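Contents: one structure, followed by commentary.
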Amino acid sequence: MAATNFSAASRSGIVARALVLPAALLLLWVLLDALGALKGGIVVSPSQVFGTAYEGFADGSLPGAALATLLRALTGWAIGALAGLVFGLILGLSGIARNLFDPSISSLRQIALFAWIPLLSAWLGNGEAMKITLIALGAFFPMALGTQAGCQNVPAPFREVGRVLELDRRATITAIIVPAALPSILVGLELSLNIAWLGTFGAEYLIGTGYINGMGDGLGAYLAAAREYARMDQVLLGVLFLALIGLGLDRLVLGFSRRLVSWRTP
Amino acid sequence: MADALTLSRPAARDAGAVAILGVSKTFHVENRTVHALDDVSLAIASGEFISIVGPSGCGKSTLLRFLAGLDRPDGGRITVDGEVVDRPSLKRGIVFQDHRLLPWLNVEENVALSLRSLAGAPADKKERVQSLIDLVGLTGFEKALPHELSGGMSQRAAIARGLAPRPPLLLLDEPLGALDSLTRSYLQDELLAIREREKSTVVMVTHDVEEAIYLSDRVVVMEPRPGRIAAIFDITSRRPRHRDDPDFVATRRKITDLLATR
Ligand SMILES: Nc1ncnc2c1ncn2[C@@H]1O[C@H](COP(=O)(O)OP(=O)(O)OP(=O)(O)O)[C@@H](O)[C@H]1O
Ligand SMILES: [Mg+2]
């Protein structure tokens, strides 16, 4: 969050440096394979993974799984983050609401995300509604927390500006509190996306059993099936996809955040 | 409160008269106590230009915050036009020592915010905002964000914001401190002109004794620990004043001598 405006040159430099480690690992992998060190079965060869990826794209199963996961994650994230924003604003702006809800929210927040699975599946079954609810729940808390904290921690000097200009409640909220809280709200947004993405994989992997009984789809189910059939090539591929899409989403939100708070001193 | 002000008409005459009566304030920070103000009394007539000078920490900003209604004294009372000051009002405009522009609003929006609670057509407000931006010499920087401004430019934008609602009482906390000498003397004359035009009362904190004598009807010298008024100097010479007038030089000498002993 702190570092903003990199110049194009230094940014490409940063990207290049970030690629050093993955490239080195890839090289090592190819080398080991060429030397014949990967014959055991637990570690597969690069060409095998490449072939599986090719097949996966040819029959559409891989992009299909990735898309299903992405859609699920974005849906759950949107619902959870929006609810978190609304709740966070209410808690951050109203002392009464805070007294009413804060203790409950703080306790619920202590429950690990996947500990909700038994309860939610009892209520909602093991279908889509349950998965989305779980993802939304994961996204909700960081967003609510970030928003609430941002609203409560508006620096006193800014509040005083609102007071001496006799701004009414509405103008104080829109011109002072929400803009001042925005950096914290955006941190909540980034975190909630992160949790939603992890939660999506967990929901797909843990709920329903993937391809085996045809109950699930997405990268989580893809991975569950791959493990079941001991397909290391598919496991690697699935993990790679999860990482890359997750990274892409993260960068997207980060770029969006930076643009929104460009008024911050670099 | 806010609707008593209007966008274009000069504020009513005889407004902005201040009575400060036996005001005291003690701050308690952890196990330290700071006696910031002790029994400060001062009556300021409507339309008067008062400067407050004194060493750092003698309670100048604290007193100004009381006048603005941002804080309340422990003892004593402050009235403006007969009303006890118990909360901030657009009738008492303050320009803070730190400029306090909102970093997410550009210059124009920052100034316009001070007119948000006033009645008036948007077009009139826009015109008023522009005329103030022109006055403080920030024409061309309407869309600049505070972090793109220099310290002096931020200070000028803050002055524009403070002046925009035409408050009958103008409270200025070292408003010209960050400015180069040319801009500074230009804005000093503008302040006098505004005071003349709008019949406003001005209370200005400054570290610059010359500035205080040049502008004020009275210069209040404060001393610290506890913060109190050491002396008040009437400046009766006619304006425009010149820094090398014998009167001017003599008064400056008295004030700097007094400050040196505190
Ligand atoms: N909110 C506060 N909490 C604790 N102490 C304070 C507070 N505000 C002011 N003080 C103390 O009161 C004294 C007077 O402060 P004030 O800001 O009024 O000084 P000042 O005359 O404006 O100084 P300067 O010329 O440096 O701006 C100082 O000793 C300061 O430490
Ligand atoms: Mg001060």
Side-chain angles (χ1 to χ4, degrees), chain A residues 1-7 85 88-89 92-93 95 146-147 149-190 254-266, chain B residues 1-5 61 64-71 85-107 109-119 143-149 151 154 157-158 161-165 167 169-173:
Chain A
M1 284 300 294
T4 37
N5 302 317
F6 298 115
S7 69
L85 179 70
L89 281 175
L93 296 174
T147 307
C151 292
Q152 284 182 248
N153 296 330
V154 176
F158 293 151
R159 289 185 185 274
E160 285 181 357
V161 168
R163 289 176 62 205
V164 299
L165 299 184
E166 284 195 73
L167 298 186
D168 56 26
R169 182 102 180 112
R170 214 185 108 196
T172 305
I173 291 171
T174 56
I176 294 184
I177 298 181
V178 169
L182 199 58
S184 173
I185 295 175
L186 290 172
V187 170
L189 191 73
E190 282 159 33
L254 213 66
F256 166 77
S257 307
R258 282 190 183 147
R259 193 150 313 168
L260 266 184
V261 293
S262 62
W263 48 264
R264 296 186 103 199
T265 19
Chain B
M1 300 293 284
D3 52 27
L5 290 179
S61 296
L64 226 53
R65 287 175 61 83
F66 290 160
L67 287 170
L70 283 166
D71 293 319
V85 172
D86 58 357
R87 66 189 144 136
S89 157
L90 276 170
K91 289 197 270 184
R92 283 171 267 120
I94 183 166
V95 176
F96 291 99
Q97 190 167 3
D98 49 337
H99 57 75
R100 297 210 187 170
L101 299 174
L102 300 179
W104 46 88
L105 299 182
N106 64 32
V107 168
E109 294 164 335
N110 263 294
V111 177
L113 194 64
S114 67
L115 303 179
R116 177 82 71 96
S117 300
L118 293 180
K143 305 289 183 222
L145 288 169
H147 81 261
E148 296 163 332
L149 302 177
S154 305
R161 181 178 66 188
L163 293 175
L169 176 59
L170 196 52
L171 307 166
L172 308 170
D173 201 345

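Chain letters run A, B, ... following the sequence lines, proteins first and then strands; every chain starts at 1. Because the structure is a prediction, the values reported are computed rather than measured.
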Residue pairs passing the ring-ring contact (aromatic ring centres under 6.0 Å, His included) test with at least one member in residues 151-177 of chain A, sequence neighbours excluded, are A/F158-B/W104

Bottom line for B/L145: the part with an atom under 4.5 Å from chain A's heavy atoms is side chain

Under 4.5 Å to a heavy atom of chain A? For B/I94 that would be side chain

Output for pair (A/W263 CH2, B/N106 CG), nearest 0.5 Å, gives 14.0 Å

With chain A, the option among B/E109, B/R65, B/E148 that has the most non-hydrogen atom pairs under 4.5 Å is B/R65

Does any N or O in the side chain of A/E166 come within less than 3.5 Å of the main-chain N or O of B/S117, such that one atom is a donor and the other an acceptor?
no

Cut-off 4.5 Å, heavy atoms of chain B, and the answer for A/L182 is neither

Rounded to the nearest 0.5 angstrom, the CG-CG distance for B/L115 and A/L165 is 9.0 Å

Output for pair (B/L113 CG, A/L167 CG), nearest 0.5 Å, gives 5.0 Å

Note: B/R161 and A/V161 closest approach over all heavy atoms is NH1-CG1, 3.7 Å

To the nearest 0.5 Å, atom OG1 of A/T172 lies from atom CZ of B/R116 at 9.0 Å

Taken to the nearest 0.5 Å, the spacing of A/R264 CZ from B/H147 NE2 works out to 11.5 Å

